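Note sheet for the following structure.
Just so it is clear, the model here is predicted, and its values are computed rather than measured.
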Amino acid sequence: MDLALLRTFVAVHRAGSFTRAASLLGLSQPAVTSQIRTLERQLGRPLFLRQARGVTPTTVGDELAHKAAPHLDALVEIAEAGLENDSSSRTLHLAGPPEFTAERALPALTGLTREDGRAFALRASFGNAEQTLEGLAAGHHDLAIGTARPRGSLLTSTPLCDEEHVLVATPDWAKRAGVEKLRDTDASALEHVPVVEVHESLPFVTRYWASVFDARPAAPATVVAPDLRAVLACTIAGAGLAVLPRYLCAGALERGDVVALHDPAVPPLRTYFLVARTGTLAMPHIARAHEGLLRAAAVWN
């Protein structure tokens with residue numbers, strides 16, 4: 001049986017779509033369709049059921065994928081190992097949210113770029129959860145960090161760490177609002193304090209209010225900037241209150257630039273996931289980066 005046909009079959013099985021598989025393989029969709037039809041003719045059985053959105057494997061398709069995929073992944077690992085001395089073949093492409101990737105993920109990986117004989121080059125790109133997962137599925141990235149767990153078998157995810165959110169403002173705003181520490185059930189003192197956020201929909205503040213106060217925020221956004229580091233800078237400058245990841249505002253809290261307006265018994269958390277395309281963790285440089293981030297996350301948690 002032609003290994004190229006099996007490789008295409010496994011890609012379609014994992015992607016759940018001829019179009020996505022074609023993008024991953026660098027082929028046209030008609031070429032992928034033709035290869036699957038050829039394989040189905042050779043086996044004498046249908047492998048996929050065509051649907052309006054993508055395809056689903058038949059029982060025979062699932063059985064073939066279960067048998068063939070591990071061996072194809074092993075061949076990829078052998079090929080990658082054979083190229084270990086070629087540094088040009090080992091570039092890790094990482095994608096994730098700009099703040100978390102810049103402040104945590106990239107510093108954790110820089111040591112791996114200096115390992116003698118095992119180093120790899122590192123390239124980063126920023127985007128939201130949807131953008132990074134789409135780019136990963138299309139083969140533009142090797143690893144993605146996001147707050148959404150992907151569905152389907154094309155991508156595999158591992159919980160990376162939990163991010164604690166903190167409600168902060170300058171000491172002056174806390175004094176003007178008459179707030180030392182809010183009670184869990186009452187945010188009325190903050191109704192007239194302006195909000196600093198990453199989007200007009202107030203995603204961080206709204207999530208905090210719903211989780212802790214069982215309410216919606218009353219004040220509109222005064223400053224909107226699509227980067228949490230800019231939100232922190234504007235908050236320190238006195239623009240209003242903000243909800244920020246603790247790791248990002250810990251230094252400002254220690255210096256007294258901002259104060260925590262609230263100390264809930266159960267702080268709101270957001271989980272990050274480390275995501276790869278199924279089978280690619282057999283590649284040594286991707287596996288090392290994956291393991292390195294998980295080790296670093298044990299300290300973050």
Side-chain angles (χ1 to χ4, degrees), residues 96-108 124 126-129 145-147 160-272 296-301:
E99 308 88 354
F100 186 90
T101 305
E103 299 289 331
R104 290 200 143 174
L106 289 175
F126 301 144
N128 60 34
I145 298 171
T147 55
L160 183 61
C161 66
D162 290 329
E163 175 184 85
E164 179 188 347
H165 288 175
V166 188
L167 176 60
V168 299
T170 59
D172 180 62
W173 267 117
K175 181 178 179 180
R176 290 163 64 180
V179 173
E180 290 186 2
K181 279 291 190 301
L182 292 173
R183 291 184 290 112
D184 284 357
T185 57
D186 184 15
S188 59
L190 301 179
E191 290 182 354
H192 302 293
V193 180
V195 172
V196 188
E197 259 283 9
V198 295
H199 191 271
E200 296 288 352
S201 63
L202 311 185
F204 284 83
V205 172
T206 297
R207 187 184 302 117
Y208 193 100
W209 254 244
S211 173
V212 175
F213 303 124
D214 193 24
R216 292 185 60 83
T222 296
V223 177
V224 173
D227 189 301
L228 288 171
R229 292 164 295 191
V231 170
L232 173 60
C234 293
T235 304
I236 291 173
L241 65 80
V243 173
L244 293 165
R246 182 172 290 278
Y247 78 85
L248 193 63
C249 62
L253 287 167
E254 291 176 3
R255 294 189 301 269
D257 295 335
V258 295
V259 295
L261 301 177
H262 191 217
D263 186 19
V266 181
L269 300 176
R270 183 169 65 165
T271 300
Y272 280 100
V299 177
W300 302 335
N301 285 328

Considering non-hydrogen atoms only, spot the tightest contact between [X] and [Y] and give its length.
{"X": "W173", "Y": "P194", "value": "CH2-CD, 3.4 Å"}
{"X": "V224", "Y": "A221", "value": "CG2-CB, 3.6 Å"}
{"X": "V195", "Y": "A219", "value": "CG2-O, 3.8 Å"}
{"X": "P107", "Y": "A102", "value": "CD-O, 3.3 Å"}
{"X": "G256", "Y": "P171", "value": "O-CG, 3.6 Å"}
{"X": "P267", "Y": "P264", "value": "CA-CG, 3.8 Å"}

TODO: Go through the structure and list residues passing side chain to side chain donor-acceptor pair (under 3.5 Å) with N128, not counting sequence neighbours.
DONE: none

Open item on the list: For T147, give me all partners under side chain to side chain donor-acceptor pair (under 3.5 Å), at least two apart in sequence or on another chain.
Closed with: none

Listed partners of [X] passing side chain to side chain contact (heavy atoms under 4.5 Å, CB included), at least two apart:
{"X": "A215", "answer": "W209, F213"}
{"X": "V198", "answer": "P203, F204, L228, V231"}
{"X": "E191", "answer": "S188, A218"}

Open item on the list: Just to verify, what does E163 make a salt bridge (Lys or Arg N to Asp or Glu O under 4.0 Å) with, not counting sequence neighbours?
Closed with: R270

Using a 3.5 Å cut-off and no angle test, enumerate the donor-acceptor pairs between side-chain atoms of residues 237-252 and protein atoms at least two apart in sequence or in another chain.
from	atom 1	to	atom 2	distance (Å)
R246	NE	E164	OE1	3.1
R246	NE	E164	OE2	3.2
R246	NH2	E164	OE2	3.1
Y247	OH	F100	N	3.3

Open item on the list: Can you tell me how far apart CZ (R104) and SG (C161) are? Round to the nearest 0.5 Å.
Closed with: 6.0 Å

TODO: Evaluate the side-chain proximity of T206 to P217: yes if any heavy-atom separation is below 4.5 Å, no if none is.
DONE: yes

Task: L190 vs L167 side-chain heavy atoms within contact, under 4.5 Å - done: yes

TODO: Output every pair passing side chain to side chain donor-acceptor pair (under 3.5 Å) with a member in residues 218-243, not counting sequence neighbours, ordered by first then second residue.
DONE: D227-R229

